Amino acid sequence: MGKLLPVIIALVGLAIGGGAGFLLKPAPPPPDSTDHSASQGQAEDGSHMMADGHAADAASAAGHGDDPADSSEYVKLSNQFVVPVVHGGRVGALVVMSISLETPIGSSEFVFEREPRLRDAFLQVLFDHANAGGFDGAFTESGNLTLLRRALLEASQSVLGPIVSDILITDLVRQDA
């Protein structure tokens, strides 16, 4: 019992200290000072009110103006694409690529619902590009990548329709065998 008493005291002290630390933790930091909610209220319908009392339209209240980039979102496809580069019947290299799509805001769920068909179309384009020698030599030249982006854009529009406005190649790596 004499050897067990110090262990019990240590465990009780640890539990009390942990409980006190949890109860006495500092308050969360105040909201960012760049929040304009104090000068812009909200109307009853949820739209923002400007300081002069007039309601702002949804686009300007959310910071969305006439800039087309403000009305787009970037949908990153779930997995990378792995493309074998074949020379003489043997795999000479592997190309690994990540792709994102520029689409209107709110269309990411639509894209993810059709991702299997989209991946199939993209893989066909990537295989064709590899077989045509697109990943040989200086494969990152602007002309090669422009052709690849254009082909990927056409493939994505054939699957998703005109909602895709651009293709972004976010990662591109070639590992020679």
Side-chain angles (χ1 to χ4, degrees), residues 28-85 93-136 138-175:
D32 190 16
S33 63
T34 59
D35 184 17
H36 299 292
S37 60
S39 63
Q40 298 178 356
Q42 284 200 348
E44 292 176 11
D45 63 354
S47 64
H48 290 280
M49 296 289 291
M50 299 305 288
D52 62 0
H54 293 90
D57 65 341
S60 65
H64 297 251
D66 294 331
D67 187 8
D70 286 345
S71 61
S72 297
E73 72 177 324
Y74 301 98
V75 181
K76 182 174 174 49
L77 297 182
S78 302
N79 295 315
Q80 297 174 326
F81 292 87
V82 179
V83 182
V85 179
L94 287 176
V95 174
V96 180
M97 180 181 298
S98 296
I99 298 175
S100 295
L101 308 175
E102 184 176 353
T103 62
I105 292 177
S107 59
S108 62
E109 185 174 329
F110 178 77
V111 171
F112 288 129
E113 287 173 356
R114 288 157 182 79
E115 187 175 2
R117 292 176 103 9
L118 187 62
R119 290 186 68 81
D120 179 62
F122 280 177
L123 281 172
Q124 187 61 53
V125 168
L126 292 169
F127 291 155
D128 290 345
H129 188 74
N131 291 335
F135 292 123
D136 293 335
F139 68 100
T140 58
E141 285 182 350
S142 179
N144 281 342
L145 290 179
T146 300
L147 290 173
L148 180 58
R149 278 192 188 95
R150 188 175 299 132
L152 289 170
L153 181 62
E154 290 172 3
S156 67
Q157 289 176 342
S158 72
V159 173
L160 300 173
I163 67 165
V164 180
S165 58
D166 201 6
I167 298 291
L168 294 92
I169 299 174
T170 54
D171 292 316
L172 179 61
V173 177
R174 181 178 74 188
Q175 176 66 48

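Just so it is clear, the model here is predicted, and its values are computed rather than measured.
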Set of side-chain contact (heavy atoms from CB on, under 4.5 Å) partners for Leu123, sequence neighbours left out = Phe81, Phe127

Mind checking side chain to side chain donor-acceptor pair (under 3.5 Å) for Asp136 and listing every partner two or more places apart, or none if nothing turns up?
-> His87

Residues forming a side chain to side chain donor-acceptor pair (under 3.5 Å) with Gln124, sequence neighbours excluded | Asp128

Hey, are the side chains of Arg149 and Ile169 touching, using non-hydrogen atoms and a 4.5 Å cut-off?
-> yes

Output the distance between atom CG (Asp166) and atom OG1 (Thr103), rounded to the nearest 0.5 Å.
-> 11.0 Å

Validation row: Val82, Leu94 side chains within 4.5 angstrom (heavy atoms) | yes

So among Leu152, Thr146, Asn144, which one has a side-chain contact (heavy atoms from CB on, under 4.5 Å) with Leu148?
-> Leu152

When you look at CZ of Arg117, are more than 12 heavy atoms from neighbouring residues, nucleotides or ligands closer to it than 6.0 Å?
-> no

Nearest 0.5 Å please: distance from the OG1 atom of Thr140 over to the CZ atom of Phe135.
-> 11.0 Å

Nearest 0.5 Å, what's the CD-OG distance between Glu73 and Ser100?
-> 11.0 Å

Hits for side chain to side chain donor-acceptor pair (under 3.5 Å) against Glu115, two or more places apart or cross-chain, chain-then-number order -> Ser78

Residues at least two apart in sequence or cross-chain that pass salt bridge (Lys or Arg N to Asp or Glu O under 4.0 Å) with Arg174, listed by chain then number, are Asp176

Do you know which two heavy atoms are closest between Gln80 and Val96, and how far apart they sit?
-> OE1-CG1, 3.3 Å

Check whether any side-chain heavy atom of Leu172 sits under 4.5 Å from a side-chain heavy atom of Leu145, and report yes or no.
-> yes

Check side-chain contact (heavy atoms from CB on, under 4.5 Å) between Ser165 and all other residues, then give those that pass, not counting sequence neighbours.
-> Glu102

With the side chain counted from C-beta on, respond yes when Leu101 and Ile167 share a heavy-atom pair under 4.5 Å apart, and no when they do not.
-> yes

With a 4.5 Å heavy-atom cut-off, do Val95 and Leu126 have their side chains touching?
-> no

Answer yes or no: is there a side-chain heavy-atom contact under 4.5 Å between Asn79 and Arg119?
-> yes

Is there a donor-acceptor contact under 3.5 Å from the side chain of Thr170 to the main chain of Ser98?
-> yes

Compare every heavy atom of Pro84 with every heavy atom of Ala130, then report the nearest pair and how far apart it is.
-> CB-O, 3.9 Å

Do Leu77 and Phe122 have side-chain heavy atoms sitting under 4.5 Å apart?
-> yes

Any side-chain heavy-atom pair of Ser156 and Leu118 under 4.5 Å | yes

